[in-house]
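Inspection log for the structure reproduced underneath, given as structure tokens.
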Amino acid sequence: MNNMNQMMKQVKKMQEQMLKAQEELGSKTVEGSAGGGVVTVVVNGHKNVQSIVIKPEAVDPDDVEMLQDLVLTAVNDALNKADELANKDMGKFTGGMKIPGLF
């Protein structure tokens with residue numbers, strides 16, 4: 001019985017640590033870029049886009065499609081890095097297992 005109580009305390013402590021780590025992801029940011037940095041996108045650990053910066057040299061009114069591709073590439077780069085950040089931060093609790101809906 002004592003072991004069960006101790007195990008439940010450990011589970012509760014781990015749940016609290018996971019919640020705290022998930023909250024902290026919201027304040028951490030990663031940056032994705034494309035075109036050698038002419039387009040940069042910053043997202044937080046919750047995958048919310050925080051900013052998009054487009055340098056003037058990336059803007060060509062005759063080639064809007066190129067700018068669209070650069071923005072898309074930068075956003076995807078940033079989102080991939082946010083996934084890596086979440087996997088790194090939360091992986092210590094899950095042992096590397098991906099738990100759907102957790103992050």
Side-chain angles (χ1 to χ4, degrees):
M1 191 66 162
N2 194 19
N3 283 342
M4 185 65 139
N5 285 339
Q6 193 169 13
M7 190 168 78
M8 293 305 291
K9 284 181 183 177
Q10 287 177 333
V11 168
K12 184 175 180 178
K13 183 178 178 184
M14 190 173 96
Q15 285 177 327
E16 290 169 356
Q17 290 173 333
M18 288 177 71
L19 283 174
K20 183 179 178 191
Q22 276 186 310
E23 287 175 14
E24 289 174 354
L25 279 173
S27 63
K28 294 180 179 181
T29 60
V30 292
E31 182 178 294
S33 66
V38 295
V39 176
T40 58
V41 174
V42 175
V43 299
N44 67 15
H46 292 161
K47 297 183 182 179
N48 293 320
V49 176
Q50 303 296 298
S51 69
I52 296 175
V53 176
I54 300 172
K55 291 186 177 176
E57 60 263 31
V59 180
D60 179 358
D62 296 327
D63 194 3
V64 174
E65 190 172 304
M66 174 62 81
L67 181 56
Q68 292 170 337
D69 288 344
L70 288 170
V71 171
L72 181 65
T73 300
V75 167
N76 285 330
D77 185 37
L79 291 176
N80 286 334
K81 288 178 180 174
D83 279 340
E84 290 172 10
L85 176 67
N87 287 335
K88 181 181 153 206
D89 283 9
M90 301 304 290
K92 58 189 168 194
F93 300 108
T94 63
M97 286 186 338
K98 293 189 175 193
I99 300 172
L102 184 58
F103 51 92

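No hydrogens, no waters, no symmetry mates; every other heavy atom, side chains included, goes into these values.
- Scanning both residues, A82 and V30, for their nearest heavy atoms gives N-CG2, 3.6 Å.
- Distance check, rounded to the nearest 0.5 Å: CD of E16 to NZ of K20 gives 10.5 Å.
- When all heavy atoms are compared, the tightest approach of A74 to V41 is CB-CG2, 3.6 Å.
- Identified under the salt bridge (Lys or Arg N to Asp or Glu O under 4.0 Å) test for residues 65-81, with sequence neighbours left out: D77-K81.
- Considering only heavy atoms from C-beta on, D89 stays 4.5 Å or farther from E24 through its side chain.
- With Q50 contributing its side chain and N48 its backbone, the two residues share a donor-acceptor pair below 3.5 Å.
- The two residues Q22 and H46 make their nearest non-hydrogen contact at O-NE2, 2.7 Å.
- Atom NZ of K47 is separated from atom CG of L25 by 11.0 Å, given to the nearest 0.5 angstrom.
- Across every non-hydrogen atom of M18 and M90, the tightest pair is O-CE, 3.6 Å.
- Proximity of V71 to L67: side-chain heavy atoms (C-beta onward) are separated by under 4.5 Å at one or more points.
- Here the CG-CD distance, from D63 to Q68, works out to 9.5 Å after rounding to the nearest 0.5 Å.
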Begin with the C-alpha distance, continue with both residues' side-chain angles, and end with the deciding distance and a verdict on side-chain contact (heavy atoms from CB on, under 4.5 Å) for Q17 and K13.
-> CA-CA 6 Å; Q17 290 173 333; K13 183 178 178 184; 3.7 Å; yes

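- T40 contributes no side-chain N or O that, together with a main-chain N or O of G37, makes up a donor-acceptor pair within less than 3.5 Å.
- Taking all atoms of both residues into account, the shortest heavy-atom contact from V43 to A78 is CG2-O, 3.4 Å.
- Using a 4.5 Å cut-off on side-chain heavy atoms (C-beta onward), V38 and L70 make contact.
- Contacts of K55 classified as salt bridge (Lys or Arg N to Asp or Glu O under 4.0 Å), with partners at least two apart in sequence or in another chain: none.
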Checking side-chain contact (heavy atoms from CB on, under 4.5 Å) for the pair L79/V75: CA distance, chi angles, key distance, verdict?
-> CA-CA 6 Å; L79 291 176; V75 167; 3.9 Å; yes

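- By the side-chain hydrogen bond (donor to acceptor under 3.5 Å, both in side chains) test, N44 is found to be paired with no residue, residues two or more places apart in sequence or in another chain being considered.
- A continuous path of ILVMFWY side-chain contacts below 4.5 Å connects V39 to M66, so both sit in one hydrophobic cluster.
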